[in-house]
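Worksheet: one structure, shown below.
Quick note on labels: first sequence line is chain A, next is B, and so on, each numbered from 1.
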Amino acid sequence: MYRFAPSPTGDMHIGNLRVALFNYICAKQSKEKFIIRVEDTDKERNIEGKDQEILEILNLFGITYDQLIYQSDNLKFHRQLGSKLLMDGNAFSCFCSAKTLEEKREQAKKDKKAYRYDGVCKKLSDSEVIENENPFVVRIKEPSEKIEFTDLIKGDMKFEPKDIDDFVILRVDKTPTYNFACAIDDMLSNVSVIIRGEDHLSNTPKQELIRKYLGYNEKVKYAHLPIILNDSGKKMSKRDDESSVKWLLEEGFLPDTIINYLILIGNKTPTEIFSLDEAITWFDITKVSKNPAKFDITKLRQLNREHIKALDPLSLSKFIGYSSKDIGKLAKIYLEEASTINEIKVKIDTIFKTKTCDEFEQEFELLKVATKDLPYFKEFDEFKAYLGEKSGLKGKKFFKPLRSLLTGSDSGPNLSDIYPHIKNYLGEIIK
RNA sequence: GGCCCGUUCGUCUAACGGUUAGGACUCCGGCCUCUCACGCCGGCAAUAGGGGUUCGAAUCCCCUACGGGUCACCA
């Protein structure tokens, strides 16, 4: 069983998509089930409708799943198991106020020491706990031994008890914290392989500890994916436009391109350009690089050109708001100077707009007149010869304004390449 | 600061312990050409540093430096 566990607190991040994608691929390869679990335990920060948006994005990328779970639906289990830990003596009630903890944390920071919970409430007797009427949280007790687990990418990992600490599992309002809910839900769904971002690596021993205390003995495998870095070498954040899947889509990058790129970086692949289905046949999660990769939009643009090239003309035409094979073919020619759907659309739209020509204004007008009662020419050469003769222009003074008249631009692809695809629309183009 | 992970051209990467350290993107030149491009051909460019082990190290070990992640009643 594989899972992807997004929280509906923000836009789908490129890193999240990569995690979803890798889970999907591995599930497909091993023919195991794949579930989506929406981690919505933080009611304050949940954003209305975000879950649907995430699901729509997954759908757009062809990432299908077998089941959809909302973490908040498991609240009763979280509480039940929380009190089991309490009764078994593996957890304790903690009455320390947020304020005093904050002060201690700051002090530790000042002393350049790692903050650890000081364990004052761990020593409380049963009667002291019962008599205390203050609000409390539930903390788990740090383990007595090292916690070890295997990471498919990083190798064998080992964490010391003191680095796991007595962390909070139930808040004052008795809702579960992330690590607790996550560990339990993974257990309840019998998740066997957890693929997620490297930022979760230090959560792993905590989650292992929870399940260990609960007597869950199934061995869970992990794969922690290296972070995707921005240009300045830091973790990509909301500030980086490129980190938003929505933004990339709006810019005119194809889903196929984005998938290709996310698999390509930090990985060794047999080819550079490939589809998701192809990747499923050879992808190997253990071959994913251990070091973080920088996001390179230039490379993404190159891949996008390749994927657009592979599109059939009619679908490409629809992507840019037209519905004709000719326009699709024309769009492909423009790939030589554009690499996103949006950039191509601008070029094509310009062709159908009213045009002017600053450099050769007179010649431009002359040509325009010459196109009155223009016969239909199958070949560009005939078309060219006719206009050349009728206008009396030649050389630069002919081609420059002609290009402007046909494309609205003073540079671009060979007119002879463009002509076959626009010859049927000249009436709408020349204006 | 503690813990964890990492370090090959600017970027993504390849190289049973033996290669002139390879490829792709970017960049630069040339060819092509009605323009800008594409395309084709060519070029620049890397094993973080120091110690070991070894006949031989990018590759194995140690140290240093640097980079990243993480240290919440967020997920």
Side-chain angles (χ1 to χ4, degrees), chain A residues 5-10 16 38-42 44-46 71 94 96-98 101-102 105 108-117 135-139 151 153-155 157-160 162-165 167-182 196-206 224 226-229 231 233-235 261 264-269 271-273 289-303 305 333-338 359 384 394-400 402-404 407 409-417:
Chain A
S7 70
T9 54
N16 299 141
V38 178
E39 309 234 307
D40 58 348
T41 52
D42 187 350
E44 303 280 299
R45 308 204 326 175
N46 285 344
Q71 188 157 57
C94 172
C96 298
S97 73
L101 289 174
E102 185 57 33
R105 244 195 306 275
K109 206 170 178 181
K110 233 188 268 173
D111 299 343
K112 297 227 173 210
K113 285 209 285 216
Y115 168 76
R116 294 278 129 75
Y117 176 67
F136 65 97
V137 301
V138 178
R139 284 178 186 273
D151 190 288
I153 294 171
K154 309 256 177 207
M157 306 292 297
K158 203 184 282 180
F159 285 83
E160 298 291 334
K162 66 176 168 51
D163 293 322
I164 294 167
D165 206 6
F167 61 96
V168 174
I169 55 172
L170 290 174
R171 306 182 182 108
V172 165
D173 64 2
K174 305 303 170 286
T175 57
T177 58
Y178 164 72
N179 277 310
F180 193 53
C182 182
R196 70 218 314 193
E198 193 181 17
D199 45 343
H200 285 290
L201 195 62
S202 53
N203 286 326
T204 305
K206 300 186 178 189
H224 287 97
I227 302 288
I228 300 175
L229 270 22
D231 235 16
K234 302 273 184 208
K235 183 179 174 179
Y261 184 67
L264 183 70
I265 53 167
N267 202 356
K268 51 172 153 186
T269 59
T271 57
E272 222 171 30
I273 312 293
S289 166
K290 286 189 186 59
N291 46 334
K294 273 190 187 169
F295 187 88
D296 182 3
I297 196 144
T298 313
K299 186 74 182 178
L300 187 71
R301 296 172 70 87
Q302 183 222 350
L303 293 187
R305 280 199 295 273
I333 293 173
Y334 273 96
L335 230 35
E336 65 189 42
E337 53 188 41
E359 200 185 345
K384 185 177 71 179
K394 52 180 128 172
K396 210 192 230 179
K397 290 190 172 182
F398 174 63
F399 282 107
K400 280 269 185 182
L402 178 61
R403 171 176 297 286
S404 292
T407 69
S409 166
D410 58 4
S411 68
N414 291 335
L415 290 179
S416 56
D417 293 336

Over all strands shown, is [X] touching base, sugar-phosphate only, or nothing at heavy-atom distances under 4.0 angstrom?
| X | value |
| --- | --- |
| A/Thr9 | nothing |
| A/His224 | nothing |
| A/Gly233 | sugar-phosphate |
| A/Lys396 | nothing |
| A/Arg105 | sugar-phosphate |
| A/Ala293 | sugar-phosphate |
| A/Glu337 | base |
| A/Asp173 | nothing |
| A/Lys235 | sugar-phosphate |
| A/Val172 | base |
| A/Ser202 | sugar-phosphate |
| A/Leu415 | base |
| A/Pro226 | nothing |
| A/Asn203 | base |

If only side-chain N and O atoms of [X] are considered, is one of them under 4.0 Å from the OP1 or OP2 phosphate oxygen of [N]?
| X | N | answer |
| --- | --- | --- |
| A/Lys294 | B/G68 | no |
| A/Thr41 | B/A75 | yes |
| A/Lys268 | B/A15 | yes |
| A/Lys234 | B/G68 | yes |

Which value, in whole Å, describes the distance between the [atom1] atoms of nucleotides [N] and [M]?
| N | M | atom1 | answer |
| --- | --- | --- | --- |
| B/C60 | B/G56 | C1' | 13 Å |
| B/A57 | B/U70 | C1' | 34 Å |
| B/C9 | B/C44 | C1' | 10 Å |
| B/U54 | B/A45 | C1' | 31 Å |
| B/C25 | B/C41 | P | 12 Å |
| B/A48 | B/U8 | P | 6 Å |
| B/C38 | B/C31 | C1' | 14 Å |
| B/A46 | B/A21 | P | 12 Å |

Whichever of A/Ile227 and A/Phe159 has its nearest RNA chain B nucleotide further upstream toward 5':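 The 5'-side residue here is A/Phe159.
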Most 5' of A/Gln302 and A/Lys206 on RNA chain B, judged by nearest nucleotide: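 First, find each residue's nearest nucleotide; the 5'-ward one identifies A/Gln302.
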Flag side-chain contact, heavy atom, 4.5 Å: A/Ile227 against A/Asp199: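 In short, these two side chains touch, coming nearer than 4.5 Å.
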[X] side chain, from C-beta outward: closest of [options]:
| X | options | result |
| --- | --- | --- |
| A/His200 | B/G2, B/C5, B/A75 | B/A75 |
| A/Glu39 | B/C73, B/C25, B/A75 | B/A75 |
| A/Ser416 | B/A75, B/C36, B/C34 | B/C34 |
| A/Lys154 | B/C25, B/G2, B/C5 | B/C5 |

Under 3.5 Å side-chain donor-acceptor pair for A/Asn267 and A/Thr269: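 Not at all, the side chains of A/Asn267 and A/Thr269 share no donor-acceptor pair under 3.5 Å.
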Cation over ring face, A/Lys174 and A/Phe136, 6.0 Å, 45°: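 Yes, A/Lys174 lies over the aromatic ring of A/Phe136.
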Six-ring centre of A/Phe167, A/Arg139 cation under 6.0 angstrom, axis tolerance 45°: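 No, A/Arg139 and A/Phe167 do not form such a contact.
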Matching residue for A/Glu198 among A/Lys290, A/Lys154, A/Lys235 - test: salt bridge (Lys or Arg N to Asp or Glu O under 4.0 Å):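 Only match with A/Glu198 under salt bridge (Lys or Arg N to Asp or Glu O under 4.0 Å): A/Lys154.
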Sole candidate of A/Gln71, A/Glu39, A/His200 that passes side-chain hydrogen bond (donor to acceptor under 3.5 Å, both in side chains) when paired with A/Tyr178: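 Answer after filtering A/Gln71, A/Glu39, A/His200: A/His200.
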Lys/Arg N to Asp/Glu carboxylate O, A/Asp163 vs A/Arg116, below 4.0 Å: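 Between A/Arg116 and A/Asp163 there is a salt bridge, with a charged N closer than 4.0 Å to a carboxylate O.
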